Amino acid sequence: MKILNLVRIPIFSTIVYLDNISDPGNMGTIMRTCEWFGVDLLVASENCVDFYNPKVVQASMGSILRLNYIQMELKEFIDTVSPVKYSTYGMVLNGENIYNYDFDVNRIIIIGNESNGISEETLDLINNKITIPTKSADIESLNAAISTSVILSELARRDI
């Protein structure tokens, strides 16, 4: 007996990938922000805080019920959606200015851990390193949820 199964692989254009986000408040806020800006899918690494952590649920303000999200490592995710070509954009301190950057239509925006940034394994999968420019030499970095908001706002402003 042979069984044939046809499945439709959804094509997403904006995906946010969270690399080892540990703060439940950040995770919930990022979920809320992703819903606000119409992100098609949120993918979290295996080491991220649990989606159903009570603080995540509370900070998401209901977005957890309306947003598409999964937990999977980036390499595995890219292999899963391999028929579709995605460009990966990693938010790093020494990247190209997001306000001067051309983004592809199918993209994965990668946000790193609050303290350590993007892991080495994930950095190896990034095609484009981008940054939010700062006006201060005294500040180390932005909060992960704030960084997500800024990049998604810029993409929305461009309507891409």
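Here the structure is a predicted model, which is why all the values come from computation and not from measurement.
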I139 versus S136: any side-chain heavy-atom pair under 4.5 Å?
yes
Run the salt-bridge test on E154 and R157 with the 4.0 Å N-O cut-off and return the result as yes or no.
yes
Between Y101 and Y89, how do the two ring planes meet: parallel, tilted or perpendicular, split at 30° and 60°?
perpendicular
Closer than 3.5 angstrom, by distance alone: can the side chain of N53 be matched with the main-chain N or O of P24 as a donor-acceptor pair?
no
I126 side chain near I110 side chain, heavy-atom distance below 4.5 Å:
yes
Under 3.5 Å, side chain of T33 to main-chain N/O of T29, donor-acceptor pair present?
yes
How many angstroms lie between atom NZ of K75 and atom OG1 of T80, to the nearest 0.5 angstrom?
9.5 Å
Distance alone, cut at 3.5 Å: any donor-acceptor contact between the side chains of N127 and S87?
no
Could you go through the side-chain contact (heavy atoms from CB on, under 4.5 Å) check for S22 and V49 one step at a time?
CA-CA 5 Å; S22 59; V49 63; 5.6 Å; no
Contact between D40 and N68 at the side-chain level, heavy atoms closer than 4.5 Å - yes or no?
no
Chi angles and distances behind the side-chain contact (heavy atoms from CB on, under 4.5 Å) call for M91, I151:
CA-CA 9 Å; M91 297 295 291; I151 184 66; 4.3 Å; yes
Could you give me the CA-CA distance, side-chain angles and deciding distance for F103 and N128, then say whether side-chain contact (heavy atoms from CB on, under 4.5 Å) is met?
CA-CA 9 Å; F103 291 89; N128 308 278; over 6 Å; no
Using a 3.5 Å distance criterion without hydrogens, assess whether the side chain of N113 forms a donor-acceptor pair with backbone atoms of I21.
no
Keeping the roles fixed (side chain from T131, backbone from V92), state whether a donor-acceptor pair exists under 3.5 Å.
yes
Using side-chain heavy atoms (C-beta onward) and a distance below 4.5 Å, is L123 in contact with K129?
yes
Ring centre gap for Y17 and F77 strictly below 6.0 Å
no
Tell me, yes or no, whether the heavy-atom count around E46 atom CD, taken from other residues, nucleotides or ligands under 6.0 Å, exceeds 12.
yes
Would I130 end up clustered with L93 when hydrophobic side chains under 4.5 Å apart are linked, directly or stepwise?
no
Please step through side-chain contact (heavy atoms from CB on, under 4.5 Å) for the pair Y69 and M31, ending with a clear verdict.
CA-CA 9 Å; Y69 54 91; M31 293 178 87; 3.8 Å; yes
Measure the spacing between OG1 of T14 and CG of N106 and express it to the nearest 0.5 Å.
8.5 Å
Could you give the distance from OG (S60) to CG (L65), rounded to the nearest 0.5 Å?
6.5 Å
Stepwise side chain to side chain donor-acceptor pair (under 3.5 Å) check, E114 with N26
CA-CA 9 Å; E114 297 89 339; N26 275 339; 3.1 Å; yes
Ignoring hydrogens and angles, tell me if any N or O in the side chain of R66 forms a donor-acceptor pair with the backbone of G62 under 3.5 Å.
yes
Measure from the side-chain N and O atoms of N20 to the backbone N and O of C48, and report whether any donor-acceptor pair falls under 3.5 Å.
no
Flag, side chain of T88 to backbone of L125, donor-acceptor distance under 3.5 Å
yes
Closest heavy-atom pair, G25 versus A59, reported as atoms and distance to 0.1 Å, is O-CB, 3.8 Å
Any chain of hydrophobic side-chain contacts (each under 4.5 Å) joining V16 to M61?
no
Rounded distance [0.5 Å steps], CG in D79 versus CE in M72:
10.0 Å
Whether the side chain of D19 engages the backbone of S119 through a donor-acceptor N/O pair (distance < 3.5 Å, no angle test) should be reported.
yes
Separation between OG (S63) and CD (E35), nearest 0.5 Å, reads 3.5 Å
Using 0.5 Å steps for rounding, measure from the NZ atom of K55 to the CE atom of M27.
14.5 Å
Indicate if L42 and W36 have the same hydrophobic cluster label, given that clusters are the connected sets of ILVMFWY residues with side-chain heavy-atom separations under 4.5 angstrom.
yes
L155 versus I109: any side-chain heavy-atom pair under 4.5 Å?
yes
Ignoring hydrogens and angles, tell me if any N or O in the side chain of Q71 forms a donor-acceptor pair with the backbone of S45 under 3.5 Å.
yes
Within 6.0 Å of CD in E96, more than 12 heavy atoms from elsewhere
no
Check whether any side-chain heavy atom of V150 sits under 4.5 Å from a side-chain heavy atom of I98, and report yes or no.
yes
